[in-house]
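Working notes, structure below.
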Amino acid sequence: MKPAKGAIGRAVDQPDQRHRLFLMFGPDNAQARALGDRLVEALGASRLLISGASVKSDPASLADEAGAMSLFGGKRVVWVEPAGEDVLAGVTALFEAPPPESPVVAIAGELKSSSGLRKLAEGSPLAVAIGCYPPSDEDAVRMVVEIGRRHGLEIASEVAARVAASCDNDRALVAQELIKLALYLDASTNAPRRLEHDALDAVGAENAEGNMLRLADWALNGDLARLTGELAHLSAAGSEAIPVVRALQRRLLQLAPARAQVERGRSPNDVMAALGKSLFWKDKELLGQLLTKWDAKRLSALSERVGALERDLMFSPVPERDALGEELIAIARAARRS
């Protein structure tokens with residue numbers, strides 16, 4: 001089934017035990033994972049990670065894993081990522097098997113409306129299929145307010161808009177930022193605090209930590225000097241890697257449709273003018289440069305590389321500074337060749 005937009009939160013926060021599959025698809029992988037995380041939290045479950053490739057090679061394994069009892073007791077969620085069309089046979093077997101012990105979360109990325117996996121999930125009462133797309137500015141403000149409330153923060157709309165803009169409307173980054181701000185204000189659900197601009201001025205993402213997010217833009221623009229200088233300041237463990245990669249993904253999602261319009265014959269200036277107020281004023285000059293620097297084919301290939309890098313970083317014990325740095329420098333060099 002495909003829940004209405006207003007029912008998505010309830011579908012993962014109060015999951016129906018009849019649902020065997022939670023399919024998260026669409027270009028916003030950060031939102032997809034955040035929804036999966038909410039399901040895991042709602043169930044008080046552990047997470048069993050398996051790859052789409054393993055399901056493809058042995059379709060029955062998905063139903064077997066979902067039907068197996070946890071060795072250590074307690075609930076668990078079977079998490080499949082990446083889960084493209086190649087897991088269709090495994091999902092079919094899951095639906096045909098007896099009711100499982102554990103639900104399956106599948107992070108699928110973009111799926112066309114003609115996708116067999118998407119059609120199966122949307123049409124089955126045993127599944128929840130949720131499309132994950134970048135939020136509009138209004139949706140992003142509501143998202144910030146909602147996440148802030150969970151951490152004991154009361155946030156006015158204008159403050160929420162500033163938080164969303166500083167995090168590129170990325171749910172995962174917003175959550176990370178609000179956790180930090182809640183700690184700074186000593187806020188909790190039992191002792192809520194009002195988040196004001198002065199707290200953002202003191203520790204917000206627009207300051208020292210937020211500067212790390214500019215790495216993505218410097219790489220895309222081929223600014224090797226600033227990029228290499230800032231990479232030297234990353235922590236040894238590379239704890240900033242995931243936020244930087246997600247900032248890069250958000251910029252690519254912003255660039256791709258704009259570049260597609262250019263390749264359909266519109267001038268870059270016309271495309272930029274149409275974007276208008278939807279752009280943060282500080283980003284307008286940069287986006288105009290990137291629009292002429294990266295064509296659609298190169299953006300698509302880069303998006304695949306960045307997605308692979310994110311998966312590697314997410315499933316390694318700790319994010320690796322060297323892996324991030326090598327990829328960003330490679331992107332910058334490619335940008336300079338354009």
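With rounding to the nearest 0.5 Å, the separation of CG in Leu324 from CG in Leu231 is 6.5 Å. Remark: Ile155 CD1 to Glu196 CD distance equals 10.5 Å, nearest 0.5 Å. Between the CG atom of Leu126 and the CG atom of Leu94 there is a distance of 8.0 Å, given to the nearest 0.5 Å. With values rounded to the nearest 0.5 angstrom, Arg162 atom CZ is found 11.5 Å from Cys167 atom SG. Taken to the nearest 0.5 Å, the CE atom of Met24 stands 9.5 Å off from the CD atom of Gln31. A distance of 9.5 Å separates CE of Met69 from CZ of Arg76, quoted to the nearest 0.5 Å.
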Under the side-chain contact (heavy atoms from CB on, under 4.5 Å) criterion, do Val40 and Trp79 qualify, and how do the steps go? CA-CA 10 Å; Val40 172; Trp79 187 289; 4.2 Å; yes
Worked check of side-chain contact (heavy atoms from CB on, under 4.5 Å) between Arg226 and Glu230: CA-CA 6 Å; Arg226 296 171 80 181; Glu230 201 63 44; over 6 Å; no
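Considering only heavy atoms from C-beta on, Val87 stays 4.5 Å or farther from Leu62 through its side chain. Residues Ser124 and Val91 are not in side-chain contact: their nearest non-hydrogen atoms beyond the backbone lie 4.5 Å or more apart. Within the 4.5 Å cutoff, no side-chain heavy atoms of Leu328 are placed close to those of Trp218. Side chains of Leu220 and Leu252 form a contact here, defined as non-hydrogen atoms less than 4.5 Å apart. Side-chain contact between Leu117 and Phe25 is absent, with no heavy-atom pair separated by less than 4.5 Å. Contact annotation: the side chain of Leu200 approaches that of Leu181 to within less than 4.5 Å [non-hydrogen atoms, C-beta and beyond].
The pair Glu177-Lys180 meets the salt-bridge criterion, with a side-chain N (NZ, NE, NH1 or NH2) lying under 4.0 Å from an Asp/Glu carboxylate O. Under 4.0 Å is where a charged nitrogen must lie from a carboxylate oxygen, and between Asp139 and Lys5 at least one such pair does. A salt bridge between Glu327 and Arg305 is present, with a side-chain N of the basic residue lying under 4.0 Å from a carboxylate O of the acidic one. Of the charged side-chain nitrogens involved, at least one lies within less than 4.0 Å of a carboxylate oxygen, so that Glu146 and Arg38 count as a salt-bridged pair. A salt bridge does not link Asp295 with Lys297: every distance from a Lys NZ or Arg NE/NH1/NH2 to an Asp or Glu carboxylate oxygen is 4.0 Å or more.
Around the CZ atom of Arg10, the shell of radius 6.0 Å holds no more than 12 heavy atoms that belong to other residues, nucleotides or ligands. Annotation for Glu263: atom CD counts as buried by contact number, over 12 foreign heavy atoms lying within 6.0 Å. Heavy atoms of other residues, nucleotides or ligands lying less than 6.0 angstrom from CZ of Arg150 number more than 12. Residue-environment remark: CZ (Arg47) exceeds the threshold of 12 foreign heavy atoms within 6.0 Å. For Glu154, the CD atom is densely surrounded, since the number of other residues' heavy atoms within 6.0 Å is greater than 12.
Residues Asn29 and Glu310 have side chains that never bring a donor and an acceptor to within less than 3.5 angstrom of each other. For the residue pair Ser102 and Glu65, no side-chain donor N or O sits within less than 3.5 Å of a side-chain acceptor on the partner. Using modelled atom types, one finds no donor on one side chain facing an acceptor on the other under 3.5 Å when comparing Gln261 with Arg264.
Contact between His151 and Ala182 at its shortest, heavy atoms only, is O-CB, 3.6 Å. For Val104 against Ala66, the heavy-atom pair with the smallest separation is CG2-CB, 4.1 Å. For the pair Ala129 and Ala121, the tightest heavy-atom approach, listed with the atom from each and the gap, is CB-CB, 3.9 Å.
The cationic atom of Arg298 (NZ for Lys, CZ for Arg) lies less than 6.0 Å from the six-membered ring centre of Trp294 and within 45° of the ring axis.
The only member of Arg250, Arg251, Lys293 that meets salt bridge (charged side-chain N to carboxylate O under 4.0 Å, His left out) when paired with Asp217 is Arg251.
Note on Leu227: it clusters hydrophobically with Leu255, by side-chain heavy-atom contacts below 4.5 Å among ILVMFWY residues. When the side chains of ILVMFWY residues are joined at heavy-atom separations under 4.5 Å, either directly or via intervening members, Tyr133 and Met143 end up in two distinct hydrophobic clusters.
When atom types are taken as modelled, the side chain of Thr92 and the backbone of Leu88 share a donor-acceptor pair closer than 3.5 angstrom.
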